[in-house]
Asks: 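I'd like to ask some things about the structure below.
Chain naming here is simple, since letters A, B, ... match the order of the sequence lines and numbering starts at 1 in each.
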Amino acid sequence: MTAGSWLCLLAPLGGTILILLCGTRIPRVAAAWIATTSVFVAFGGAIWAFLGVRSTTGHVGELTTAWTWLQSGNFHAGLQLLVDPLSTVMMLIVSGVGGLIVLYSIGYMDGDDEERRYFAYIAFFVFSMLLLVEGGNLLMLLAGWGLVGLSSYLLIGFWHDRPSAVRAAKKAFVMNAFGDATMALAFFILIAHTSSLSFATDFNVHLSSTATNLIALGLLGGAAAKSAQIPLQTWLPDAMEGPTPVSALIHAATMVTAGVYLIARTHPIFEQARTVELIAAGTGALTLLVAGLVALVQTDIKRVIAYSTMSQIGYMFLGAGVGAYSAGMFHLVTHAFFKALLFMTAGLAIHALAGEQDIRKMRGLGRVMPFTKWCFLAGALALVGVPPFSGFFSKDSIVASAAALGTWYGWIFWVCGIAGALLTGLYTFRLWFLVFGAGSAAGKAGDARPGTGSPTAIPGGEPSPFVREHYHRHGRFEGPLTMLVPVGVLAVLATVGGWLQWAPKWHPFTNWLAPAAQTLAAAEPTSTQEYYTSAATVIAGLAGIGLAWAIYSERKLAIPAAPFWRRLLEHKFYFDELYDALFYRPGVSIANGLRREFEEPVVLQTSADIGEVTMETGSLVRRIQTGLLRTYVLFLAGGAAAVVLAFLIAK
Amino acid sequence: MAGPDVAWYVATAAVLFGIGALGVLIRRNTLVVLLSLELMLNAGNLALIALSRHWHNGAGQIFALAVMAVAASEVCVGLGLVVALNRRNLSLDVDTLSELKG
Amino acid sequence: MSGVVVASAGNALVWVVWVVAAFSCVGSAVAVISFSNPFFSALALIGNLGSLAVMYLLLSAEFVAAAQVLVYAGAVVVMFLFVIAYVGPRRETPWSGGPSWQTFGAVLAAGALLVEIVVAVGMQASGSLKHDGHVGATFGTPSWIGRVFLVDHLLAFEITSVVLLIAAVGGVILGSHTKRATV
C-alpha cells in the first residue's frame with residue numbers, strides 16, 4: 001500500500017516535469033492529456049493504497065520514510081508518508097475528482113494560448129495537495145500546504161494580463177501566508193515541547209495546557225486561512241478570477257478543505273484544547289450563516305457558488321470542531337462531488353456564452369442547454385440536502401452532532417445549521433431559477449402553472465436577448481465531450497455518493513475512519529437526534545426552495561427593499577473595507593512614509609553619494625597626473641626617501 | 001695623513017646628492033637637468049672613493065671609474081637627444097612632455 | 001665624527017684644503033642649479049669637478065683624481081659646452097612652472113634624502129669612520145689601479161668598454177641627419 005501512495009504522490013509531479021521538459025515541442029492538447037493521465041494514474045495509486053489499508057487488520061495504516069533530512073537533537077523530520085484510512089479517503093477524493101476536473105479542463109481551456117502552462121500548474125497542484133494529505137509529519141503537511149498556496153496563486157492569476165486576476169492572486173496568497181505564519185508558530189511550540197512533528201507521536205504527553213491552546217490556535221489560524229473561514233475569508237470570492245476548472249478543483253473540492261483535514265488529522269491536540277476546538281466549530285457556524293446571507297445578493301454565477309463553498313466548509317468546520325470528525329469528512333467527500341459538479345456546469349454555461357458570468361443575463365439558458373440544466377439541478381439538490389441526494393446524508397450528521405453535545409452552544413450550532421439549510425435552499429435555487437428556470441415570470445409565455453421546486457414541462461423560460469445572441473453550440477452537444485463526460489459522472493456521484501453512509505442505520509464510512517479519527521463520544525448523536533435533525537434540515541431546505549420559487553420563478557413574492565441590509569450584504573459585511581482600513585492603508589502609509597523619510601534620503605542618497613565621493617576623489621587624485629616628467633621624478637625621489645626612512649626606523 | 005674623518009666626506013657627498021636631486025626636480029631646461037644628474041653621479045663617486053680609502057679596498061675606486069665611464073656615455077646619449085630635438089625644432093623644455101596628463 | 005683633531009701642521013693643512021674644497025664643491029653645485037643661463041651652469045660644474053678632484057687627492061686616489069679632470073672636466077663638460085653653444089641661448093627661471101606643490105615637494109624630497117643619508121651613515125658607522133691613517137704607498141697609484149682593474153675586476157672593465165661603445169654608436173645615430181623629413 002505504501003507503493004500505491006508513492007505512485008499516487010509522484011505521478012502528477014512526473015506529469016508536471018514532463019510537460020515542463022517538453023515545453024513547446026509538444027502540441028497543447030498533448031500536454032493536456034499528459035496531465036490528465038498522470039492524475040488518473042495517481043487515482044490508480046490511491047485505489048491501490050486504499051485496498052492495501054483495507055487489507056490490514058484494524059486498518060491502522062503505515063508510515064513510510066524515504067529519508068531523514070533534518071536532524072537536530074531529538075528532533076527528526078523527514079520525507080514521510082502516512083497511509084491510513086484518513087489519508088486514503090483524501091487521496092481518493094483529490095486524485096479522483098481531480099482527474100475528472102483535469103479531464104474537463106481539456107475542453108474548457110482548449111484554444112487558450114498558454115494551455116501547457118495551465119496543465120503543468122494543475123498537475124503540480126494535484127501533487128501538492130497529495131503531499132499535503134499524505135504527509136506523515138506536520139513538516140510534510142506544511143510543505144504541501146505552502147505548495148498548494150503557491151499553485152493557487154499561480155492558477156488564480158493564470159490570465160496574468162488581467163489586473164483583477166493578479167490582484168486576486170496576491171490577495172489569496174497574502175491571506176494564506178498569515179495562516180502559514182500562525183501554523184509555523186504552532187509548530188515551533190510543538191517542537192519545543194515534544195521534539196517531534198510526526199503524526200505517529202503521541203501528542204498527549206509533555207504539553208501544558210497553555211502550550212496546547214497556543215498550538216491549537218495556531219493550527220486553527222492556518223486552517224481558517226486555507227479554508228476561507230471568518231475572519232480570513234475575503235480571498236475566496238476574488239479567487240473566482242481564475243479559470244472555472246481551477247475554481248472547481250482548488251476552491252471547492254480540495255484545497256479549501258485542507259483546513260478540515262488538518263483539524264481531523266491533529267485531533268489529539270485539538271481534543272486537549274477543547275475550547276479552541278469549539279472555537280473552530282463556532283467559526284464554522286458563523287461562517288456558514290454569513291456566507292449564506294452574502295450569497296443571496298451575488299450576481300456572478302461563480303461567486304454564488306464560491307460563497308456556497310464557504311458556507312459548506314463552515315459546516316465541515318462545525319462538524320470537526322464538535323468532534324464529529326467522520327461526519328465532517330463525509331461532508332467533505334460529498335461536497336467535493338456536488339460542488340465540483342456545480343462549478344463545472346456553471347463552466348459549461350459560461351463556456352457556451354463565451355465568458356459571460358452575470359446571471360441576470362443568462363436567463364432562459366435552461367431551454368437551450370437541457371443537459372446542463374439537469375446536472376445543475378442534481379448538484380443543487382445535493383447541496384440543499386434533499387434526500388436521496390448525497391448532501392442529505394452528510395450534512396444532517398453534522399447538525400445532529402451539534403445537538404448531541406447537549407450544551408448551550410451545541411443548541412446554538414444546531415439552530416445555525418438549520419438556518420443555514422434554509423439559506424442554502426434559498427440562494428441555490430435563486431440561482432437555478434434565474435439561470436435555468438422555466439418559470440412563468442422568466443418567460444414571455446404567460447401560462448403559469450403553480451408547481452413545486454422542480455419545473456419540468458412548463459413552456460416558459462424564453463432565452464434572454466443576450467443568450468439568443470451569444471449562445472453557440474459545439475456541434476451536436478452542449479459542449480465538448482471532455483467537458484460533458486466528467487459532468488455526467490459527477491452528477492451520478494452527487495446523486496448516489498451519499499448512499500455510502502446513513503448515520504442512524506449504516507455507517508461504514510465512520511467505521512473506516514475510526515482508527516484514524518475516532519468521533520468523540522460527546523458528539524455521537526442518538527438515532528432520535530439524527531431523525532429529528534434530518535427532518536428539520538430537509539424541511540428548512542425545502543422551505544428555502546419554495547421561497548426561491550416564489551420570489552424568482554413565479555414572482556409571487558417581492559423581495560423586501562430593506563436598503564440597509566441589502567447594502568450590508570452587497571458589501572459582504574464590509575470585511576473588505578475593514579481589512580482595507582486596518583491593514584492595507586496603514587501598511588501603505590508606513591511604506592510611503594519610510595520611502596519618504598528613510599529610503600530616499602538615506603539609502604538612495606548613500607548610493608548616490610558613494611558614487612559622487614568616488615568621482616570627487618578621483619578628480620582629486622587626478623591632479624597628481626600632471627603629465628610632467630619632473631613630477632614623476634619627484635615621486636621617485638619622495639618614494640626613495642620614504643623607503644630609506646622606513647629602513648632607518650626599522651633599525 | 002690625518003684630517004677630516006671619512007664621515008665628513010660622506011656627508012659632503014650627501015649634500016651634493018641632495019643638491020643634484022633638487023636640480024633635477026626643479027629645472028625645466030633639459031641640459032641643466034643633465035648637469036644636475038652629473039652632480040648626483042659625482043656625489044656617488046665621492047662616497048665611493050672615501051669609503052674605499054677607509055677600508056683600503058680598491059674596488060671602490062674601480063667602481064668610481066666605471067661610474068665615470070657610464071656617466072660619460074649617458075651624457076653622450078643625452079646630448080645626442082638634445083641635438084636631435086633641436087634639429088627638429090622641438091622645445092627643450094621638459095614640461096612639454098606632458099601627454100600623460102590625466 | 002671625532003672631536004679629536006691631531007694638531008700638527010700637516011693636519012691643519014689637510015683640514016684647510018678640505019674645507020676649501022668642500023665649500024667650493026657645494027657652492028659650485030648650488031651655482032649649477034641656480035643659474036638661469038645653462039652656459040654658466042656648465043662652467044660652474046667645472047668648478048665642482050675641480051674641487052672634487054682635490055678631495056680625491058686628499059683621499060689618496062690620485063689616478064681617479066686625474067681621470068676625473070681628464071674625463072669629466074675635459075671631455076664631458078666640453079661636450080656640454082659644445083651642445084649648449086649649439087642649441088643657443090635659453091634662459092629660464094629655475095623655480096618656475098609646474099604645479100604649485102612641485103617646488104615645495106622637491107625641496108622636501110631632496111632635503112629628506114640628504115638628511116636621511118647623513119643620519120644613516122652616522123648611525124650605521126658611528127665611531128667607526130675615523131680616519132685611519134695609514135695606507136699603503138701604492139694605494140691609488142695608476143699601476144695599482146691598473147692591476148686591480150684588469151685582474152680582480154676584469155668583467156667590470158670589459159662591460160664598461162662595451163657600454164662606452166654602445167653609447168658612442170647611439171650618440172652618432174642620434175646626432176645624424178635623417179634622410180626623410182620628420183615631425
Asks: Are Phe149(C) and Gln61(B) close enough that some pair of their side-chain heavy atoms sits under 4.5 Å apart?
Replies: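 The answer is no; the side chains never approach within 4.5 Å.
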Asks: Identify the heavy atoms of Val32(B) and Pro38(C) that sit nearest to each other, and give their distance.
Replies: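 What the structure gives for the nearest pair is CG2-CB, 3.9 Å.
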Asks: Should we count CZ of Phe23(C) as having more than 12 external heavy atoms under 6.0 Å?
Replies: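 Count not over threshold, so no.
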Asks: Using non-hydrogen atoms only, which part of Ala75(C) is less than 4.5 Å away from chain B: side chain, backbone, both, or neither?
Replies: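 Neither; nothing under 4.5 Å.
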Asks: Testing the basics here: between Glu38(B) and Tyr72(C), what is the closest heavy-atom pair and its distance to 0.1 Å?
Replies: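 Looking at all heavy atoms of both residues, the shortest contact is OE1-CE2, 2.8 Å.
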Asks: For the atom pair CG (Leu58(C)) and CH2 (Trp8(B)), what is the distance rounded to the nearest 0.5 Å?
Replies: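 So the gap between those two atoms works out to 14.5 Å.
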Asks: So for Ile166(C), is it side chain, backbone, both, or neither that comes closer than 4.5 Å to the heavy atoms of chain B?
Replies: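 Neither part.
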Asks: Between atom OG of Ser41(C) and atom CG of Leu31(B), what is the distance when rounded to the nearest 0.5 Å?
Replies: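 Result: 9.5 Å between the selected atoms.
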Asks: How many angstroms lie between atom CG of Leu108(C) and atom CG of Leu25(B), to the nearest 0.5 angstrom?
Replies: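 The distance works out to 11.0 Å.
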Asks: With a 4.5 Å cut-off on side-chain heavy atoms, are Phe17(B) and Leu114(C) touching?
Replies: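 Result no, sub-4.5 Å side-chain heavy-atom pair not found.
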Asks: Rounded to the nearest 0.5 Å, what's the gap from CE on Met55(C) to OG1 on Thr12(B)? Could you check?
Replies: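 Going from CE on Met55(C) over to OG1 on Thr12(B), the span is 5.0 Å.
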Asks: Flag the pair Tyr86(C) / Val82(B) as yes when at least one side-chain heavy-atom distance between them is below 4.5 Å, and no otherwise.
Replies: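 No, side chains not in contact.
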Asks: Among Ile117(C), Thr160(C), Val83(C), Val148(C), who wins on heavy-atom pairs under 4.5 Å with chain B?
Replies: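 The candidate making the most pairs under 4.5 Å is Val83(C).
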Asks: Taking every heavy-atom pair that is under 4.5 Å apart, which of Val115(C), Val71(C), Leu52(C) has the most such pairs with chain B?
Replies: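 Ranked by contacts with chain B, first place is Leu52(C).
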Asks: Less than 4.5 Å to any heavy atom of chain C: does that hold for the side chain of Leu34(B), its backbone, both, or neither?
Replies: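 Answer is both: backbone and side chain atoms of Leu34(B) are under 4.5 Å from chain C.
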Asks: Would you find a donor on one side and an acceptor on the other, under 3.5 Å apart, between the side chain of Arg27(B) and the backbone of Ile33(C)?
Replies: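 A pair under 3.5 Å: yes.
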Asks: By a 4.5 Å heavy-atom criterion (distance strictly below it), what part of Leu113(C) contacts chain B: side chain, backbone, both, or neither?
Replies: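 It is the side chain, since no backbone atom gets that close.
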Asks: Which atoms of Ala67(C) are under 4.5 Å from chain B, going by heavy atoms: the side chain, the backbone, both sets, or neither?
Replies: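 Both backbone and side chain of Ala67(C) come within 4.5 Å of chain B.
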Asks: So, taking the atom named CD1 in Ile62(B) and the one named CG in Leu150(C), what distance separates them when rounded to the nearest 0.5 Å?
Replies: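 Spacing of CD1 (Ile62(B)) from CG (Leu150(C)) equals 8.5 Å.
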Asks: Among the options Ala21(B), Cys76(B), Ala84(B), Gly18(B), pick out the one with the most heavy-atom pairs lying under 4.5 Å from chain C.
Replies: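 Heavy-atom pairs under 4.5 Å are most numerous for Cys76(B).
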Asks: Between Leu45(C) and chain B, which part of the residue has a heavy atom less than 4.5 Å away: side chain, backbone, both or neither?
Replies: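 For Leu45(C), the contact with chain B is made by the side chain alone.
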Asks: Answer with side chain, backbone, both or neither: which region of Glu116(C) has an atom nearer than 4.5 Å to a non-hydrogen atom of chain B?
Replies: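 No part of it gets close to chain B.
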Asks: Between Arg53(B) and Phe139(C), is any pair of side-chain heavy atoms under 4.5 Å apart?
Replies: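 Yes, close enough: below the 4.5 Å cut-off.
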Asks: Under the criterion side-chain contact (heavy atoms from CB on, under 4.5 Å), I'd like the reasoning laid out for Tyr56(C) against Tyr9(B): C-alpha separation, chi angles, the key distance, then a yes or no.
Replies: CA-CA 10 Å; Tyr56(C) 290 168; Tyr9(B) 291 94; over 6 Å; no
Asks: Between atom CD1 of Ile49(B) and atom CG of Leu59(C), what is the distance when rounded to the nearest 0.5 Å?
Replies: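 So the gap between those two atoms works out to 7.5 Å.
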Asks: Which one, Val24(B), Asn45(B), Leu39(B), leads in non-hydrogen pairs under 4.5 Å with chain C?
Replies: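 The candidate making the most pairs under 4.5 Å is Leu39(B).
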Asks: Which bit of Phe63(C) comes within less than 4.5 Å of chain B, counting heavy atoms only: side chain, backbone, both or neither?
Replies: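 It is the side chain, since no backbone atom gets that close.
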Asks: Please evaluate residues Leu16(B) and Asn48(C) with respect to the criterion side-chain contact (heavy atoms from CB on, under 4.5 Å), reporting the C-alpha separation (whole Å), side-chain torsions for both, the decisive distance (0.1 Å), and the verdict.
Replies: CA-CA 10 Å; Leu16(B) 262 186; Asn48(C) 191 55; 3.8 Å; yes
Asks: Is the shortest side-chain heavy-atom distance between Ile145(C) and Leu65(B) below 4.5 Å?
Replies: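 Yes - at least one pair of side-chain heavy atoms lies under 4.5 Å apart.
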Asks: Within the structure provided, determine whether Val14(C) and Pro4(B) are in side-chain contact (heavy-atom separation under 4.5 Å).
Replies: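 They are in side-chain contact.
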Asks: Would you mind checking which part of Ala59(B) comes under 4.5 Å of any heavy atom in chain C, side chain (CB onward), backbone (N, CA, C, O), both or neither?
Replies: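 Its backbone and side chain both get close to chain C.
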Asks: Evaluate the criterion side-chain contact (heavy atoms from CB on, under 4.5 Å) for residue pair His153(C) and Phe63(B); output intermediate values, then yes/no.
Replies: CA-CA 9 Å; His153(C) 305 283; Phe63(B) 199 164; over 6 Å; no
Asks: In terms of heavy-atom pairs under 4.5 Å with chain C, which of Leu35(B), Leu81(B), Val83(B) leads?
Replies: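 Max contact count across the listed options: Leu35(B).
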